[in-house]
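Per chain, numbering begins at 1; letters A, B, ... match sequence-line order. Keep in mind it's a predicted model, so treat the numbers as computed, not measured.
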Amino acid sequence: MSVMITLPDGSQRQYPAPVRADQVAQDISPRLAEASIIAEIDGVLKDLDQLIEHDAAVRFHTFDSDAGKDVYWHSTAHLMAQAVKQLFPQVRIAIGPAIENGFYYDFDRDESFIDEELVLIENRMKELTASALPYQRKELSKAEAVQKFSAMDETYKIEILSEIPDGDTISTYQQGDFIDLCRGPHILDTSKIKAFKLLKTSGAYWRGDEKNKMLKRIYGISFPNNKLLNEYLRFLEEAKLRDHRKLGKDLDLFSINDEVGPGLVLWHPNGAMIRHLIEQYWKDEHIRHGYKLVYTPHIGRAQLWQTSGHLGYYKESMYAAMEVEGQDYYIKPMNCPFHLSVYKSNLHSYRDLPLRLGELGTVYRYERSGVLHGLMRVRGFTQDDAHIICTPEQLDDEVNDLIIFAFEMLRHFGFDKFLVYLSTMPDAAVGDPRDWETATESLRHALEKLGIEYEVDKGGGAFYGPKIDIKIKDALNRAWQCTTIQFDFNLPERFDMTYIGADNAQHRPFVIHRAILGSVERFFGTLLEFHAGNLPLWLCPVQLMILPITDSQIDYAKDLQKQFLARGWRAECDLRGEKIGYKIREAELKKIPYMCIVGKNEAESGNVTLRRHTRGDLGVMSIAQAMEMIQAEL
RNA sequence: GCUAAAUUAGCUCAGUGGUAGAGCAACUGAUUCGUAAUCAGUAGGUCGGGGGUUCAAAUCCCCCAUUUAGCUCCA
């Protein structure tokens with residue numbers, strides 16, 4: 001008997017059956033064998049010591065692939081758990097998966113792990129990698145598994161086992177004295193783990209449910225060599241420099257002040273200018289795309305929130321009522337009730353639709369204290385909100401245009417990588433399932449027609465409608481939701497919205513709730529991190545800084561400033577009696593895009609020397625040339 | 001809200017029971033200089049807030065607030 005192995009390039013190799021997967025890798029090249037983490041056999045990930053008994057398509061995953069990283073990190077999590085169990089035998093183990101950047105393991109222990117203990121654990125892990133302990137897979141029945149983990153008093157494993165159907169085969173992996181319930185696959189042995197670091201500890205609820213016990217989690221990361229580990233650690237350092245909270249302070253853009261209140265943002269002049277430019281662009285674009293702008297109040301009577309249902313299902317995120325003349329008023333957590341009230345204030349014909357009502361609407365939500373985060377998660381924020389009210393026939397066009405509009409706008413700010421999610425009907429939902437179907441398909445078609453890659457979040461929609469979310473990543477690769485496009489089958493009913501159709505009868509319109517930037521605050525935060533503070537020229541609060549070399553050029557500098565201002569550019573002069581090197585340094589640190597250096601030579605010849613932030617000296621040129629160059633970038 | 005850590009001058013940080021410190025920034029003066037820091041001087045702090053222990057607290061203990069990293073939840 002022999003087996004035919006087909007490799008990804010189509011080439012084939014014949015072996016006497018059975019053949020171990022890593023033997024194939026070895027024959028392809030010793031380097032591949034060395035770098036291989038797992039084998040993919042007919043599309044299924046397997047351990048490298050897997051015996052192949054039948055003809056199969058085989059490929060190998062190294063650390064370069066997502067699957068390879070995943071297994072590598074998962075195996076490191078097991079290694080860490082082994083070290084923890086050896087050092088702290090009384091600790092119970094819970095779960096330890098690979099995550100986007102590394103791995104974690106949750107432990108049940110009364111005390112938290114302190115930094116000194118992390119070092120101990122790391123050292124023990126190093127010893128264990130030196131022993132090259134093989135990860136040994138064992139398949140057993142559920143009863144055997146329960147018995148085994150009961151004997152070790154690993155109660156969390158028993159709980160996991162209790163949820164696995166009785167007939168299923170269960171696998172465990174053991175390296176040395178450590179055994180874990182695990183589906184696998186894993187790397188061959190612990191010596192494959194070359195470079196690792198335990199990064200941080202935190203609490204984490206068992207099964208992610210805050211009603212459950214809080215376990216102690218250790219996060220870590222590992223790499224096949226020290227170089228990659230050091231690169232990653234450097235990336236973390238650089239991410240700190242891109243942090244919008246640091247940039248906000250350094251560039252004097254905004255602050256959040258203890259006395260004013262947590263999660264409430266003070267926009268300083270520089271930040272306010274950027275925000276103004278964003279909002280101005282936003283308004284212009286919305287008008288161009290057929291939106292009507294509205295303004296609505298910040299508070300509304302209890303009756304309004306009763307009608308909208310917010311007092312029923314959203315109350316815990318709302319600030320407490322304030323009483324005026326015996327009536328309760330609430331500060332708004334959302335703009336929808338107001339926009340829909342605008343719609344309701346008139347009778348509408350199908351000829352009026354679609355109606356797109358937009359507003360930069362400031363809302364206030366009570367967010368639990370632990371979730372606040374710079375500008376990304378605040379308690380008072382401005383949504384770039386709009387509600388599209390349309391007929392069923394208009395749905396597809398509206399959704400299509402909207403998605404194009406959203407990407408167009410995000411790209412205008414420089415963003416080029418997005419995570420797109422389509423969330424479908426949850427178990428508890430309002431509205432006609434046929435409407436859900438129509439709306440979901442409309443969203444899906446639009447994404448597919450435009451060739452946008454997306455993930456489906458099955459059952460992840462709000463109870464009132466399906467949605468598309470677009471997320472943008474921050475400096476640390478954390479994804480923040482910005483754009484959201486949500487159908488609403490709840491509010492049209494609650495507000496009894498209607499339009500008169502061509503048949504002269506009343507119909508219920510569709511309502512799409514959407515925000516493209518999401519909130520101005522969060523968007524601003526992601527924007528700062530994405531550009532590392534070096535905003536596109538059109539958004540810079542100061543676009544040009546004019547730097548005279550000595551006091552003799554002050555008049556010339558001021559004249560230049562006037563010329564730039566006349567073109568609508570934001571230009572300032574640094575007239576302090578400092579040396580040019582110092583002024584340049586300051587302008588560079590403030591990330592001002594263009595510096596105009598003017599000394600005796602420039603003043604006499606009517607030229608400027610231009611310098612571009614991040615690029616350096618651009619040389620001497622005429623004022624007209626400088627203006628042309630700047631204009632070209634705008 | 002939960003777990004853990006932190007909070008000292010505008011900023012970044014030192015200071016482990018005995019008179020509150022540095023660098024940068026600010027202010028004043030001198031310097032007028034060619035591509036990332038000129039020199040000198042001055043001023044600036046209820047050591048997050050409150051309570052306690054102590055002869056004595058930035059330092060030890062308790063409560064509260066805020067921040068940070070996660071968890072849960074969300075734009």
_A:R611 side-chain proximity, nearest of B:A75, B:U35, B:A37_ = B:U35
*Phosphate OP1/OP2 of B:U68 contacted by A:R245 side-chain N/O (<4.0 Å)*: yes
*Using a 4.0 Å heavy-atom cut-off across all strands, classify A:E578 as base, sugar-phosphate, or nothing.*
base
_Does a side-chain N or O of A:R576 approach OP1 or OP2 of B:A25 to a distance below 4.0 Å, or not?_
no
*When you match A:L215 and A:A479 each to their closest nucleotide on RNA chain B, which lands nearer the 5' end?*
A:L215
*Closest to the A:M214 side chain, choosing from B:C2, B:A37, B:U35*: B:C2
*NA contact type, A:R217, heavy-atom cut-off 4.0 Å: base, sugar-phosphate, or nothing?*
sugar-phosphate
*Taking atom types as modelled, is there a side-chain donor on A:T484 or A:D469 under 3.5 Å from an acceptor on the other?*
yes
_Please classify the nucleic acid contact of A:F381 as base, sugar-phosphate, or nothing, using heavy-atom distances under 4.0 Å._
base
*asked:* Please classify the nucleic acid contact of A:K583 as base, sugar-phosphate, or nothing, using heavy-atom distances under 4.0 Å.
replied: nothing
*If you look at every strand shown and take non-hydrogen atoms under 4.0 Å, does A:Q481 touch a base, only sugar-phosphate, or nothing?*
sugar-phosphate
*NA contact type, A:L372, heavy-atom cut-off 4.0 Å: base, sugar-phosphate, or nothing?*
sugar-phosphate
*Expressed as a whole number of Å, how far does the C1' atom of B:G44 sit from that of B:A25?*
11 Å
*asked:* Tell me whether the count of non-hydrogen atoms from other residues, nucleotides or ligands lying under 6.0 Å of CD in A:E316 goes above 12.
replied: no
_Check: A:E602 side chain, A:G599 main-chain N or O, donor-acceptor pair, under 3.5 Å_ = yes
*Crowded around A:E163 CD? As in, over 12 foreign heavy atoms under 6.0 Å?*
yes
*Is the distance from OP1 or OP2 of B:U3 to the nearest side-chain N or O of A:K213 less than 4.0 Å?*
no
*Does any nucleotide pair with B:A36 by Watson-Crick or G-U wobble geometry, both distances under 3.5 Å, and what is it?*
none
*With a 3.5 Å cut-off and just heavy-atom distances, do the side chain of A:Y205 and the base of B:G70 make a donor-acceptor pair?*
no
*Are any of the side-chain heavy atoms of A:K583 and A:L547 separated by less than 4.5 Å?*
yes
*With sugar-phosphate meaning primed atoms plus P, OP1 and OP2, does A:D617 contact a base, only sugar-phosphate, or nothing at under 4.0 Å between heavy atoms?*
base
*What nucleotide among B:C74, B:U38, B:U3 has an atom nearest to a side-chain atom of A:R377?*
B:C74
*asked:* Given the structure, check if the side chain of A:E367 and the base of B:A75 hold any donor-acceptor pair shorter than 3.5 Å.
replied: yes
_Would you say A:H513 and A:Q486 are linked by a side-chain donor-acceptor pair, where the criterion is simply a distance under 3.5 Å?_
no
*Assess whether one donor atom and one acceptor atom, taken from the side chain of A:R368 and the base of B:C71, lie less than 3.5 Å apart.*
no
_Over all strands shown, is A:E602 touching base, sugar-phosphate only, or nothing at heavy-atom distances under 4.0 angstrom?_
base
_Nucleotide of B:U72, B:C73, B:U38 approaching A:E210 most closely (side-chain heavy atoms)_ = B:U72
*For A:Y594 and B:U35, is the shortest distance between a side-chain N/O and OP1 or OP2 below 4.0 Å?*
no
*Among B:A26, B:G1, B:G34, which nucleotide sits nearest the side chain of A:Y582?*
B:A26
*If you look at every strand shown and take non-hydrogen atoms under 4.0 Å, does A:V363 touch a base, only sugar-phosphate, or nothing?*
nothing
*asked:* Distance criterion of 3.5 Å, no angle test: do you see the side chain of A:E259 paired donor-to-acceptor with the base of B:G49?
replied: no
*Who does B:A43 pair with, Watson-Crick or G-U, both distances under 3.5 Å?*
none
*Selected nucleotide, minimal atom distance to A:I584 side chain, candidates B:U35, B:A75, B:A37*: B:U35
*Would you mind telling me which residue lines up with the more 5' stretch of RNA chain B, A:K216 or A:V620, judged by nearest nucleotide?*
A:K216
*Counter-base of B:G17, judged by Watson-Crick or G-U geometry with both distances under 3.5 Å*: none
*asked:* Between B:A4 and A:S112, counting only base atoms on the nucleotide and side-chain atoms on the residue, is there a donor-acceptor pair under 3.5 Å?
replied: no
*When you measure from the side chain of A:T609, which nucleotide among B:G34, B:A37, B:A75 comes out closest?*
B:G34
*Candidate nucleotides B:A37, B:U66, B:U35, ranked by approach to the side chain of A:P262 - the nearest*: B:U66
*Can a side chain N or O of A:K200 be found less than 4.0 Å away from OP1 or OP2 on B:G70?*
yes
*A:H373 vs B:A69: side-chain N/O to OP1/OP2 distance below 4.0 Å*: yes
*NA contact type, A:G581, heavy-atom cut-off 4.0 Å: base, sugar-phosphate, or nothing?*
sugar-phosphate
*What residues in residues 539-551 of chain A put a non-hydrogen atom under 4.0 Å from any atom of RNA chain B?*
A:I549, A:T550, A:D551
*Would you say A:C573 and A:I546 make side-chain contact, with heavy atoms under 4.5 Å?*
yes
*Identify whether any heavy atom of A:I580 sits under 4.0 Å from a base atom; if not, whether one sits that close to sugar-phosphate; answer base, sugar-phosphate or nothing.*
sugar-phosphate
*In whole angstrom, give me the gap between the C1' atoms of B:C61 and B:A43.*
37 Å
_Students often get this wrong, so: under 4.0 angstrom with heavy atoms, is A:Y219 touching a base, only sugar-phosphate, or nothing?_
sugar-phosphate
*Which part of the nucleic acid, if any, lies within reach of A:G361 when heavy atoms closer than 4.0 Å are counted: base, sugar-phosphate only, or nothing?*
nothing
*Using purine N1 to pyrimidine N3 plus N6-O4 or O6-N4 for Watson-Crick, or N1-O2 and O6-N3 for G-U wobble, both under 3.5 Å, which nucleotide pairs with B:G23?*
B:C11
*Which is true for A:G599 with a 4.0 Å heavy-atom rule: it touches a base, it touches only sugar-phosphate, or it touches nothing?*
base
*asked:* Counting only side-chain heavy atoms from C-beta out, which of B:A36, B:G1, B:A75 sits nearest to A:T484?
replied: B:A75
